[in-house]
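Numbers here are sequence positions counted from 1.
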Amino acid sequence: MLKPEEVTQAIQKEIQRYETKLEMQSVGYVLQVGDGIARVYGLDEVMAGELVTFHDGTTGLVLNLEPHHVGVVILGEDCGIKEGGQVKRTGKIAQVPVGDALKGRVINPLGEPLDGKGPIVTKKTRPIESLPPSVVQRQPVKEPLQTGIKSIDAMIPIGRGQRELIIGDRQTGKTAILIDTILNQKTTGVHCIYVAIGQKLSSVVALTETLEKYGAMEYTTIVSASSDDPAPLQYLAPYAGAAIGEESMLTGKHALVMYDDLSKHAVAYREISLLLQRPPGREAYPGDVFYLHSRLLERAAKMREDLGGGSLTALPVIETQLGDISAYIPTNVISITDGQIYLEGDLFYAGVRPAINVGLSVSRVGGNAQTKAMKQVAGMLRLALAQYRELQAFAQLATDLDKATKDQLTRGERMVEILKQTDLHPLPLEKQVVSIFAGNEGFLDDIPASRVRIFEKNLLDFIDKNYQEISLEIAEKKVLSDTLKENLKQAITKFKSTIDNRP
């Protein structure tokens with residue numbers, strides 16, 4: 001028989017142990033879903049750019065705030081989302097994990113690993129969208145970012161904190177320039193972030209394998225939103241890449257982020273905007289397509305020394321149609337960036353690789369960041385090449401040419417040859433300086449054009465073996481003194497005498 005006192009005590013104990021677990025949740029309901037877009041009713045306090053969760057666990061991103069409902073883009077498959085289904089707020093703005101744990105990893109724009117190497121162990125996250133550093137926080141670009149490509153480092157130099165556009169038709173070597181630049185950062189401590197937007201998965205896998213083969217994945221992060229990913233993920237990808245790079249910049253380190261390519265990014269944004277029923281503008285792009293890229297590229301900067309002196313360099317890529325650089329998206333991005341490297345199909349097929357059109361390519365700040373040694377040898381190179389191109393066109397019409405014109409044509413032809421470079425072979429500064437110096441000083445004028453590349457390779461090997469002190473001095477002092485110039489001339493003359501005397 002239970003006594004009344006025991007029952008009372010048991011009830012009192014239960015009352016004391018009872019805790020209220022009431023939780024307030026902001027919940028909405030799906031009004032309509034389709035084409036990767038959901039219209040949701042009831043989320044009155046939701047923020048623009050906030051992540052929400054659908055009843056089947058799929059994540060969505062709030063982009064449109066309208067009087068009676070919100071437009072949500074679905075970051076995944078929309079098959080499991082039904083009309084009337086619940087939608088919960090997360091209270092979080094879209095963010096991505098950042099830090100050293102991301103080096104060597106392949107992730108999607110939400111920071112989820114795609115490489116099968118397990119979860120990413122980092123507690124640090126950054127919002128995907130953030131304000132760029134203000135004018136007061138920045139300093140001018142004055143430190144070189146060597147790409148290892150002779151024609152770029154000599155004539156269109158890139159500085160840390162710069163935004164340099166790489167533009168050209170499909171299959172003209174745009175991604176090859178990015179890969180060489182990543183390989184050349186091996187000893188520089190620069191964190192490279194490669195953002196693949198709307199590319200084939202096979203291309204991303206091939207790129208990852210190349211970087212692993214050359215040991216470059218150790219300091220590289222790949223953010224991939226491939227062509228089979230929904231448009232919202234392709235839209236988020238470059239911002240995620242910028243956020244990862246910003247972490248390095250704000251902690252006083254250096255980062256290089258590459259967006260390959262922003263044409264596909266604009267197309268993905270156009271798709272989302274049209275589905276959200278935003279009014280279309282020129283070429284059916286929404287009115288804010290300029291802001292789409294300007295707010296992304298303005299995040300690249302060189303920070304002031306008292307703020308750590310870190311930098312974020314951006315190399316956006318734009319694919320043109322039949323060389324039309326005056327189309328809408330190309331002109332937009334050209335006007336945002338600090339210069340462009342224009343790759344031409346005709347040059348590429350003529351065997352000039354990298355196929356850089358020197359006349360249309362420019363770096364608006366890189367000259368300030370160029371090393372003195374490179375300035376000394378490359379000062380007149382752009383002009384000489386432009387004159388050679390003009391003379392070449394003229395020489396096709398003229399029959400007899402005077403000696404000065406012939407000499408200029410000979411020199412120009414040799415300089416075009418010396419600036420050619422094979423993929424996956426970036427050159428350090430000292431070797432670039434030696435090559436261009438040999439061409440400028442006329443040491444190649446009597447070498448047949450077809451043998452210039454072999455001559456250059458053998459010359460660099462010869463100097464490495466017999467005159468190592470020259471390379472070391474250029475690498476350390478980054479300036480060509482008169483004594484060093486004389487020593488270099490003697491070394492090249494000595495090399496030429498050895499090849500001339502061979503049977």
Side-chain angles (χ1 to χ4, degrees), residues 141-142 144 146-159 162 164 338-342 344 347 352 354-395 401-421 427-447 449 452-453 455-456 459-460 463 470 473-474 477-493 496:
V141 174
K142 62 175 194 297
Q146 298 285 344
T147 63
I149 301 165
K150 286 173 285 190
S151 45
I152 294 178
D153 290 342
M155 296 182 289
I156 317 143
I158 299 169
Q162 190 177 343
E164 184 78 13
D338 308 313
Q340 70 277 348
I341 295 166
Y342 178 53
E344 201 172 350
L347 286 173
V352 179
I356 295 169
N357 179 320
V358 181
L360 290 175
S361 301
V362 64
S363 173
R364 297 193 185 101
V365 293
N368 301 335
Q370 209 171 13
T371 55
K372 198 158 182 212
M374 187 55 95
K375 261 188 185 167
Q376 285 171 286
V377 295
M380 300 303 287
L381 188 56
R382 177 191 279 273
L383 186 65
L385 280 177
Q387 286 174 342
Y388 164 66
R389 293 252 184 268
E390 264 182 46
L391 277 178
Q392 201 183 18
F394 170 72
L401 300 167
D402 60 282
K403 188 179 180 301
T405 309
K406 279 181 183 170
D407 289 349
Q408 208 166 351
L409 281 169
T410 306
R411 176 73 56 88
E413 198 179 356
R414 305 300 181 275
M415 292 315 290
V416 168
E417 284 298 317
I418 207 97
L419 289 174
K420 287 182 185 176
Q421 204 167 330
L427 282 179
L429 171 76
E430 57 275 19
K431 289 191 175 182
Q432 293 184 27
V433 169
V434 169
S435 291
I436 297 167
F437 181 84
N440 276 348
E441 297 294 324
F443 287 106
L444 308 175
D445 292 358
D446 55 347
I447 307 284
V452 165
R453 305 277 298 281
F455 175 90
E456 179 199 16
L459 168 66
L460 294 175
I463 285 180
I470 291 179
E473 193 176 333
I474 297 171
K477 296 188 177 172
K478 295 183 172 52
V479 65
L480 287 179
S481 62
D482 292 341
T483 320
L484 189 57
K485 279 183 188 173
E486 280 308 311
N487 293 347
L488 196 46
K489 281 180 187 173
Q490 284 169 17
I492 300 170
T493 311
K496 280 190 79 171

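- Listed here is the closest heavy atom pair of E344 and N357: OE1-ND2, 2.7 Å.
- Enclosure of atom CD in Q392 by more than 12 non-hydrogen atoms of other residues, nucleotides or ligands within 6.0 angstrom is indicated.
- To the nearest 0.5 Å, the span separating CD1 on I152 from CD on Q146 amounts to 11.0 Å.
- Using a 4.5 Å heavy-atom cutoff, the side chains of L460 and E456 are in contact.
- In this structure, the side chains of N440 and R411 stay at 4.5 Å or more apart for every pair of heavy atoms.
- Considering all non-hydrogen atoms of both residues, A378 and A154 come closest at CB-O, 3.5 Å.
- For Q370 and S363, the side-chain atoms include no donor-acceptor pair closer than 3.5 Å.
- Using a 4.5 Å heavy-atom cutoff, the side chains of E441 and L488 are not in contact.
- Checking L429, V479, L381 one by one against M374, the side-chain contact (heavy atoms from CB on, under 4.5 Å) holds for a single residue, L429.
- If you take CD1 on I341 and CG on L360, they are separated by 13.0 Å, rounding to the nearest 0.5 Å.
- Using a 4.5 Å cut-off on side-chain heavy atoms (C-beta onward), L459 and F443 make no contact.
- Checked by atom type and distance alone, the side chain of K485 never pairs as donor or acceptor with a backbone atom of L480 at under 3.5 Å.
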Q: Please lay out, stage by stage, how R414 and E417 fare under the test salt bridge (Lys or Arg N to Asp or Glu O under 4.0 Å).
A: CA-CA 5 Å; R414 305 300 181 275; E417 284 298 317; over 6 Å; no

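- Contact detail for T493 and K489: the closest heavy-atom pair is OG1-O, 2.6 Å.
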Q: Show the numbers, then the answer: is there a side chain to side chain contact (heavy atoms under 4.5 Å, CB included) between D446 and K496?
A: CA-CA 11 Å; D446 55 347; K496 280 190 79 171; 2.8 Å; yes

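- The two atoms that bring L347 and R389 nearest to each other are CD2-NH2, 4.1 Å, heavy atoms only.
- Looking at heavy atoms from C-beta onward, L409 lies in side-chain contact with Y388 at the 4.5 angstrom threshold.
- Remark: the backbone N or O of S361 is not paired with any side-chain donor or acceptor of Q340 at under 3.5 angstrom.
- Side chains of T371 and V433 form no contact here, defined as non-hydrogen atoms less than 4.5 Å apart.
- Rounding to the nearest 0.5 Å gives a distance of 11.5 Å between NZ of K150 and CD1 of I356.
- Using a 4.5 Å cut-off on side-chain heavy atoms (C-beta onward), L385 and V416 make contact.
- Here OG of S151 is found 12.0 Å from CD1 of I418. Values are rounded to the nearest 0.5 Å.
- Inter-residue side-chain proximity for I474 and V434 is flagged as met; some heavy-atom pair is nearer than 4.5 Å.
- Nearest heavy atoms, K420 versus V352: CE-CA, 3.9 Å.
- Shortest non-hydrogen contact noted between I149 and Q421 is CA-OE1, 3.5 Å.
- Without hydrogens or angle criteria, D153 side chain to G148 main chain gives a donor-acceptor distance under 3.5 Å.
- From L444, atom CG reaches atom CE of M415 across 7.5 Å, with rounding to the nearest 0.5 Å.
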Q: Would you please test E486 and D482 for side chain to side chain contact (heavy atoms under 4.5 Å, CB included) and show each step?
A: CA-CA 6 Å; E486 280 308 311; D482 292 341; 5.9 Å; no

Q.
Using the rule given for salt bridge (Lys or Arg N to Asp or Glu O under 4.0 Å), can you reason through D407 versus K403, listing the C-alpha separation, both sets of side-chain angles and the distance that settles it, and then say yes or no?
A. CA-CA 6 Å; D407 289 349; K403 188 179 180 301; 2.8 Å; yes

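- Distance check: K478 NZ to E473 CD gives 12.5 Å after rounding to the nearest 0.5 Å.
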